[in-house]
Amino acid sequence: MAAPSAAPRRIVIENAAIATVDADDTEYAAGHLVVAGNKIESIGAGRAPDGLDNVVRRIDATGHLITPGLVNTHHHFYQWITRGLATDHNLFDWLVALYPTWARIDEQMVRVAAQGSLAMMARGGVTTAMDHHYVFPRGTGDLSGAIIGAAREMGVRFTLARGSMDRSEKDGGLPPDFAVETTEGALAATEETVKQHHDASFDAMTQIAVAPCSPFSVSTELLREGAALGRRLGVRMHTHGSETVEEEKFCHELFGMGPTDYFESTGFLGEDVWMAHCVHMNDSDIAAFARTRTGVAHCPSSNARLAAGIARVPDMLRAGVPVGLGVDGTASNESGELHTELRNALLINRLGHHREAALNARQALRLGTYGGAQVLGRADSIGSLEPGKLADFVLWRIDGLGHSSIADPVTAIVFGAAAPVTASFVNGRQIVEDNRLLTVDEDTIARDARTEAQRLARIAARS
């Protein structure tokens, strides 16, 4: 007869305001959250149930709001060491200016840049991160392994969108010739990355997506075969889409159709696909995304930084398009923080056609949590606080100077200044305490990032 399994270690949190972001937007003015192992066991109003066994920790969360952990749906970690450059450029000019530098990255640079990007997000409430890495210069080491290792060390849940480019300058693309892969090489390397690192389990800490970079840096063959590869392997797909008017013009001139129709012609729309940006979408495009359940990673700060425009997020949501939030690479959003995107998504969308009715505070919070989980295909396990879901959550302090006079807790963290993170938990493990990371040394990461940024600048200057 098998021995009975040990009782799970429990953490009990009480006296907190709680925004569950469940289907009913259930909230508690003063409630409790009980974690058992790596899952949420119970949540509700008032104090936790009596008689719980094996309670290893109790937290009095008076003055705090508990939310699901933030979910980042689009990023380029390597850009952490090229921040503050080409600050007055539109997207295409920005890419032309920076590709020669990016093409010189190596494994050490990528590891340090990933550490910096992850650290900035994690200490600001991100519990699930994502990186779209598509620059693989020849002979520069195991870049995917370096990124995955950094995420594992940080303790965040992570999706690597293994990107690729095969359309270089000689083919009419933007990247330098030596910075792209062959079509066959990119597909083979992507498949190997999936086989080595993808975990399909409920509580997976690492997942892989197939992610050709963009219409103007990949061939139609790579896009089409990438979609086929993703579906054969049972993983999600990601790319950039409809980011600028220049991209739309490029697609019409080269393919005779707009970006959305082009993606659909290659098989790159579907409930297993999400796109970054989607700024320039007409009614037909939005309808196609809703019909196919294709997701969107909305990156408001980056879109503003590159003067790309205002995405029609309210119209997408009304049509039933899954929408999450993304930091985007920190060469186009130097802050690198997702919690500021809650506020920016709300404010920037109110500059659009719908004005004050565009988004409210709870919709913004949903974009950054459950919406992101939907986009990454993980809404069954993360994105809301419900019994049985994974214990990924954040305690935001809202009784301090920046928030104490705002009565509504959700309004406080969305409309107010970036709220301090007293604690952040991933898979039931605490990774942040009082705005400091517990798993890595922030000061070492900062020094290493400066060293690698300077080294990359010197190499690029010589080249």
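Residue Leu70 holds its CG atom at 11.0 Å from CD of Glu337, rounded to the nearest 0.5 Å. To the nearest 0.5 Å, the span separating OG on Ser332 from NE2 on His89 amounts to 13.5 Å. Of the inter-residue distances, the one linking Asn427 atom CG with Lys39 atom NZ reads 8.0 Å to the nearest 0.5 angstrom. With rounding to the nearest 0.5 Å, the separation of CG in Leu437 from CZ in Arg123 is 7.0 Å. Taking OG of Ser217 as the reference point, atom OH of Tyr99 lies at 4.5 Å (rounded to 0.5 Å). Here Leu91 contributes atom CG and Trp94 contributes atom CH2; the two are 6.5 Å apart, rounded to the nearest 0.5 Å.
Heavy atoms from other residues, nucleotides or ligands lying under 6.0 Å from CZ of Arg450 number 12 at most. Other residues, nucleotides and ligands contribute more than 12 heavy atoms inside 6.0 Å of the NE2 atom of His252. More than 12 heavy atoms of other residues, nucleotides or ligands lie within 6.0 Å of CD in Glu169, so this atom counts as buried by the packing criterion.
With sequence neighbours left out, Trp396 forms a side-chain hydrogen bond (donor to acceptor under 3.5 Å, both in side chains) with Thr67. By the salt bridge (Lys or Arg N to Asp or Glu O under 4.0 Å) test, Arg83 is found to be paired with no residue, residues two or more places apart in sequence or in another chain being considered. Every side-chain hydrogen bond (donor to acceptor under 3.5 Å, both in side chains) that Arg305 has, sequence neighbours left out, goes to Glu334. Every residue two or more places apart in sequence or in another chain was checked for a ring-ring contact (aromatic ring centres under 6.0 Å, His included) with Phe415, and none qualifies.
Ile18 and Gly44 make their closest contact through CD1-O, 4.5 Å (heavy atoms, listed as atom of the first residue, atom of the second, distance). When every heavy atom of Cys278 is checked against every heavy atom of Val296, the shortest pair comes out as SG-CG2, 3.8 Å. Between Asp328 and His277, the closest heavy-atom pair is OD2-CE1, 3.1 Å. Listed here is the closest heavy atom pair of Arg397 and Thr422: CB-OG1, 3.6 Å. When all heavy atoms of Val35 and Gly428 are compared, the closest pair comes out as CG1-CA, 4.3 Å. Here the shortest heavy-atom pairing between Met275 and Gly241 reads SD-CA, 4.2 Å.
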For this session: Just do the side chain to side chain donor-acceptor pair (under 3.5 Å) check on Thr26 and Asp24 with the steps written out, would you?
Result: CA-CA 5 Å; Thr26 305; Asp24 299 318; 4.8 Å; no
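Note on ring orientation: taking the six-membered ring where Trp is involved, the planes of His238 and His240 are tilted (angle from 30° to 60°). Ring planes of His76 and Tyr78: tilted class, angle from 30 to 60°.
In the model, His280 has no side-chain atom that pairs as donor or acceptor with a side-chain atom of Asp285 under 3.5 Å. With 3.5 Å as the limit, one finds no donor-acceptor pair spanning the side chains of Asp315 and His353. A donor-acceptor pair shorter than 3.5 Å can be found between the side chains of Thr62 and Asp60. Under the 3.5 Å distance criterion, with hydrogens and angles disregarded, no donor-acceptor pair is assigned to the side chains of Glu386 and Thr20.
Side-chain atoms of Met205 and Val426, non-hydrogen and from C-beta on, do get closer than 4.5 Å to each other. Leu306 places none of its side-chain heavy atoms less than 4.5 Å from the side chain of Asn90. Within the 4.5 Å cutoff, the side chain of Pro259 has no heavy atoms near those of the Phe250 side chain.
Side-chain N or O atoms of Arg236 include one that pairs as donor or acceptor with a backbone N or O of Glu271 at under 3.5 Å. Side-chain atoms of Asp131 come within 3.5 Å of backbone atoms of Phe77 as a donor-acceptor pair (strictly under, hydrogens ignored). Panel note: side chain Arg378, backbone Ala204; a donor-acceptor pair is recorded below 3.5 Å. The closest donor-acceptor contact from the side chain of Thr439 to the backbone of Met154 lies under 3.5 Å. Looking only at distances, no side-chain donor or acceptor of Trp274 sits under 3.5 Å from a matching main-chain atom of Pro322. For His32 (side chain) and Glu14 (main-chain N/O), no donor-acceptor pair under 3.5 Å exists by modelled atom type. Checked by atom type and distance alone, the side chain of Thr294 pairs as donor or acceptor with a backbone atom of Gly270 at under 3.5 Å. At distances below 3.5 Å, at least one donor-acceptor pair connects side-chain atoms of His198 with backbone N or O atoms of Ile208. Proximity of a side-chain donor or acceptor of Thr82 to a complementary backbone N or O of Gln79 within less than 3.5 Å is detected. For Arg350 (side chain) and Leu359 (main-chain N/O), a donor-acceptor pair under 3.5 Å exists by modelled atom type.
The side-chain hydrogen bond (donor to acceptor under 3.5 Å, both in side chains) contacts involving residues 404-419 comprise Arg362-Asp408, Asp408-Thr411, where partners must be two or more places apart or lie in separate chains. A side-chain hydrogen bond (donor to acceptor under 3.5 Å, both in side chains) check over residues 363-376, counting only residues at least two apart or in different chains, returns the pairs Asp25-Arg366.
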